[in-house]
Structure formats: structure tokens, C-alpha cells
Trainee: 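This structure is in C-alpha cells; I'll ask about it shortly.
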Amino acid sequence: MSSSPTAPSSTTASSTSSASEPRTALIACGAIAQPCKEIVDRHGWPVDVHPLPPLLHNQPQLIAGEVRRLAAELAASYDSVAIGYADCGTYGALDSVCAELGLARLPGLHCYDVFAGPSRVEQLFDDQPGTYVLTDFLVRSFARTVVQELGLDRYPDLRDTYFGHYTRVVWLAQQPDAELHALAQDAAARIGLPLTVVETGDGRLESALADLVSG
């Protein structure tokens with residue numbers, strides 16, 4: 001990634017670069033694009049957020065190619081491009097694209113690491129290997145991204161096929177409120193598992209973004 005302090009300022013922001021203020025395009029996973037935008041807006045960083053569809057996580061083999069395509073498209077309009085993804089199940093393919101294009105990405109194996117830290121996430125799985133993890137985005141979108149995408153709304157018997165080996169749901173709560181608590185409880189009940197809430201805030205994401213966009 002070329003240098004310039006940056007951070008996302010709009011998920012639909014203009015892709016123009018100013019001679020007086022270098023701008024960065026942040027290609028973000030759609031599942032974390034909104035908190036990235038909130039952090040960028042909070043700091044006033046000269047960064048525009050360009051989200052890719054969150055459902056790419058259901059086909060992680062496509063993520064690296066989509067990042068490469070969008071990075072090439074944005075490079076002509078921005079002073080720098082940064083990648084708002086962890087590895088996210090690409091098994092190093094995203095790192096290969098970043099190396100090829102000279103870009104940097106968020107640290108970690110997945111967005112859970114970005115929110116909670118890798119050691120904390122590892123401990124959650126060590127304590128209870130059958131842990132199913134939700135973020136704020138997944139809590140809000142559970143009916144669409146999980147229930148509909150897995151066909152549970154049409155074939156509820158698939159619940160045991162998908163979740164029979166899980167023993168709990170852990171919600172990594174960035175901005176917990178009463179509405180999200182209710183949705184998280186509903187999501188856990190929908191797949192028949194108890195809910196554990198682990199409040200993380202967005203401090204780790206904020207720090208990772210600051211490092212990323214500052215080069």
C-alpha cells in the first residue's frame with residue numbers, strides 16, 4: 001500500500017483524489033464496512049470505504065479475485081488502496097494478491113480476531129470447541145445471512161446437519177444495546193443453542209485501521 005494516513009469516510013463516497021489531501025480507498029468486507037465507516041468518520045480520516053458483498057464469506061475462494069478486481073479499478077482514482085479484510089478463509093490467497101499489488105490488509109485469520117484479538121478468540125474455542133461466533137453484523141442479518149442462506153427457513157430439519165456439533169453461540173458485541181441483545185437471543189434460540197455475550201467494543205478495529213491506513 002502506498003503511504004498516507006487514511007480511513008473510510010463513506011461506503012458510497014466519491015472516488016476522487018485531491019492534490020492537497022491524499023485519499024485512500026479502503027476495500028472492506030461488507031460485514032465490517034459500517035463500523036469501519038463509523039471509525040473513519042469519527043476521526044475525519046481521508047478515506048473512502050468501498051464494501052464488497054458480505055455474502056462472499058460463503059464463497060471465500062472468490063474474495064481474493066474480487067479484491068484484486070476492485071483494487072485495480074480504484075487505483076487510478078486514489079493515492080492509495082488498503083484492504084479491510086483479514087484472511088477470511090482465503091488460506092493465503094488474499095495475501096498473495098496483496099503481495100502482488102503492494103497492498104496491506106487487516107491482521108488476523110478472520111474478523112473475530114480483529115474485534116476480540118486472536119488470543120481471546122483462541123481461548124473461546126479452547127474453552128468450548130463447539131462455539132459458533134456472531135458479530136453485530138451477523139446478529140442484525142442472521143435471518144438473511146444464516147437462516148435463508150442455509151435454507152433453514154425452508155428446511156428446518158437442516159438445523160442438526162449444520163449445528164448439531166455446536167454447543168453454544170458467542171456474540172462478540174461491538175455496540176450492544178437492547179435491540180441487538182434481543183436479536184442475538186433470537187438467533188441463538190433459532191439454532192437451539194445457549195448464548196454467551198462477550199463485549200469487545202471496536203477499539204481493536206480502530207487501532208488496526210489506524211495502522212493500516214497510515215501505511
Side-chain angles (χ1 to χ4, degrees), residues 7-12 26 28-43 45 47 49-58 60 84-86 88-89 106-125 127-154 156 158-159 162-163 165-210:
S9 66
S10 170
T11 53
T12 56
L26 180 71
C29 170
I32 65 169
Q34 187 58 37
C36 286
K37 180 186 183 302
E38 291 170 0
I39 290 167
V40 169
D41 288 348
R42 191 156 69 229
H43 288 281
W45 289 332
V47 177
V49 178
H50 295 265
L52 284 170
L55 289 180
L56 278 175
H57 275 287
N58 292 345
Y85 272 91
C88 294
L106 291 171
L109 294 178
H110 37 60
C111 61
Y112 311 139
D113 286 349
V114 176
F115 287 123
S119 61
R120 194 175 188 185
V121 171
E122 184 179 359
Q123 188 62 54
L124 289 171
F125 287 116
D127 291 344
Q128 210 162 323
T131 295
Y132 185 76
V133 182
L134 297 175
T135 61
D136 287 10
F137 171 83
L138 289 172
V139 166
R140 289 190 185 94
S141 65
F142 191 82
R144 175 174 57 88
T145 57
V146 178
V147 174
Q148 290 182 16
E149 284 297 310
L150 295 181
L152 295 172
D153 54 335
R154 304 180 298 282
L158 288 175
R159 182 269 168 202
Y162 291 124
F163 297 101
H165 297 293
Y166 287 100
T167 56
R168 67 169 174 174
V169 172
V170 168
W171 169 31
L172 301 179
Q174 297 100 67
Q175 296 180 341
D177 57 25
E179 180 184 5
L180 279 181
H181 271 280
L183 289 173
Q185 290 283 6
D186 288 347
R190 184 65 186 262
I191 55 178
L193 297 172
L195 175 69
T196 298
V197 181
V198 176
E199 295 193 11
T200 65
D202 63 5
R204 285 184 174 274
L205 176 60
E206 183 174 17
S207 178
L209 279 177

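Every heavy atom of this structure was used, including side-chain atoms; hydrogens, water molecules and symmetry mates were not. Because the structure is predicted, anything quoted here is derived from the model rather than measured.
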Trainee: If you compare all heavy atoms of Pro51 against all heavy atoms of Gly30, which two are closest, and at what distance to 0.1 Å?
Mentor: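 Heavy atoms only, the tightest pair is CB-CA, 4.2 Å.
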Trainee: Could you pull out the closest heavy-atom pair between Gln175 and Leu180, with the gap in Å?
Mentor: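 Taking every non-hydrogen atom into account, O-CD1, 3.4 Å.
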Trainee: Can you give me the closest heavy-atom contact between Pro54 and Ala31, atom names plus distance?
Mentor: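 Nearest pair, atom of Pro54 first, then Ala31: CB-N, 3.7 Å.
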Trainee: Tyr85 and side chain to side chain contact (heavy atoms under 4.5 Å, CB included): which partner among Leu52, Val114, Ile32?
Mentor: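 One option only clears the test, and that one is Leu52.
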Trainee: Counting C-beta onward and ignoring hydrogens, is there a side-chain heavy-atom pair between Leu106 and Leu205 closer than 4.5 Å?
Mentor: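 The answer is yes, as the side chains (C-beta and beyond) meet within the 4.5 Å cut-off.
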Trainee: Nearest 0.5 Å, what's the CD-CG distance between Gln174 and Asp136?
Mentor: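 That separation rounds to 3.5 Å.
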Trainee: Distance check, rounded to the nearest 0.5 Å: Ser141 atom OG versus Gln148 atom CD?
Mentor: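 If we round to the nearest 0.5 Å, Ser141:OG and Gln148:CD are 10.5 Å apart.
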Trainee: Report yes or no: does Glu199 contribute a side-chain atom to a donor-acceptor pair with the main-chain N or O of Val197 at less than 3.5 Å?
Mentor: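 Looks like no, no N/O pair under 3.5 Å.
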Trainee: Would Ile191 and Tyr132 satisfy side chain to side chain contact (heavy atoms under 4.5 Å, CB included), going step by step from the backbone distance to the final call?
Mentor: CA-CA 10 Å; Ile191 55 178; Tyr132 185 76; 4.1 Å; yes
Trainee: Using 4.0 Å as the upper bound for N to carboxylate O, is an ion pair formed by Arg168 and Asp127?
Mentor: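 No, Asp127 and Arg168 are not salt-bridged.
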Trainee: Charged N to carboxylate O under 4.0 angstrom, Lys37 versus Asp41?
Mentor: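 Answer for the salt bridge query: yes.
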Trainee: Measuring only between side-chain heavy atoms, which start at C-beta, is Phe142 closer than 4.5 Å to Leu183?
Mentor: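 They are not in side-chain contact.
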Trainee: CD/Gln34 to CG/Asp202 distance, rounded to the nearest 0.5 angstrom?
Mentor: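 Output value for this atom pair is 11.5 Å.
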Trainee: Taking the side chain as C-beta and beyond, is there a heavy-atom pair between Leu152 and Tyr162 under 4.5 Å?
Mentor: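 Side-chain contact under 4.5 Å: yes.
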Trainee: How about Leu138 and Thr145: do any of their side-chain heavy atoms sit closer than 4.5 Å?
Mentor: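 A side-chain contact exists here, since the closest heavy-atom pair is under 4.5 Å.
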Trainee: Side chains of Leu193 and Thr167: closer than 4.5 Å at any heavy-atom pair?
Mentor: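 No, every pair of side-chain atoms sits at 4.5 Å or beyond.
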Trainee: For a side chain to side chain contact (heavy atoms under 4.5 Å, CB included) check, start with the C-alpha distance between His181 and Trp171, then their side-chain angles and the critical distance, and finish with the verdict.
Mentor: CA-CA 9 Å; His181 271 280; Trp171 169 31; 3.6 Å; yes
Trainee: Between Cys88 and Pro60, what is the shortest heavy-atom contact and its length?
Mentor: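 It is O-CB, 3.6 Å.
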Trainee: Where do Leu134 and Ala187 come nearest, in terms of heavy atoms and distance?
Mentor: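 Leu134 and Ala187 have their closest heavy atoms at CD1-CB, 4.1 Å.
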Trainee: Given the rule in the side chain to side chain contact (heavy atoms under 4.5 Å, CB included) test, do Val133 and Val121 qualify, once you have shown the distances and angles that lead to the verdict?
Mentor: CA-CA 9 Å; Val133 182; Val121 171; 5.8 Å; no
Trainee: Kindly compute the distance separating CG (Leu150) from CZ (Arg159), expressed to the nearest 0.5 Å.
Mentor: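 Here the interatomic distance stands at 12.0 Å.
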Trainee: Taking the side chain as every heavy atom from C-beta outward, state whether Leu109 and Pro118 have any pair of such atoms under 4.5 Å apart.
Mentor: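 No, side chains not in contact.
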Trainee: Measure the NE2-SG distance between His110 and Cys29 for me, rounded to the nearest 0.5 Å.
Mentor: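 These two atoms lie 13.0 Å from each other.
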Trainee: Side chains of Thr135 and Cys111: does their closest heavy-atom pair fall under 4.5 Å?
Mentor: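 Thr135 reaches Cys111 side chain to side chain.
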Trainee: Taking Val169 as the fixed residue, which of Leu195, Thr196, Val139 is the one that meets the side chain to side chain contact (heavy atoms under 4.5 Å, CB included) rule?
Mentor: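 Running side chain to side chain contact (heavy atoms under 4.5 Å, CB included) over Leu195, Thr196, Val139 with Val169 returns exactly one hit, Leu195.
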Trainee: Stepwise, does the side chain to side chain contact (heavy atoms under 4.5 Å, CB included) test hold for Thr200 with Arg120?
Mentor: CA-CA 10 Å; Thr200 65; Arg120 194 175 188 185; 4.2 Å; yes
Trainee: Where is the tightest heavy-atom contact between Ala208 and Pro107, given as atom of each residue plus distance?
Mentor: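 Heavy atoms only, the tightest pair is CB-CD, 4.0 Å.
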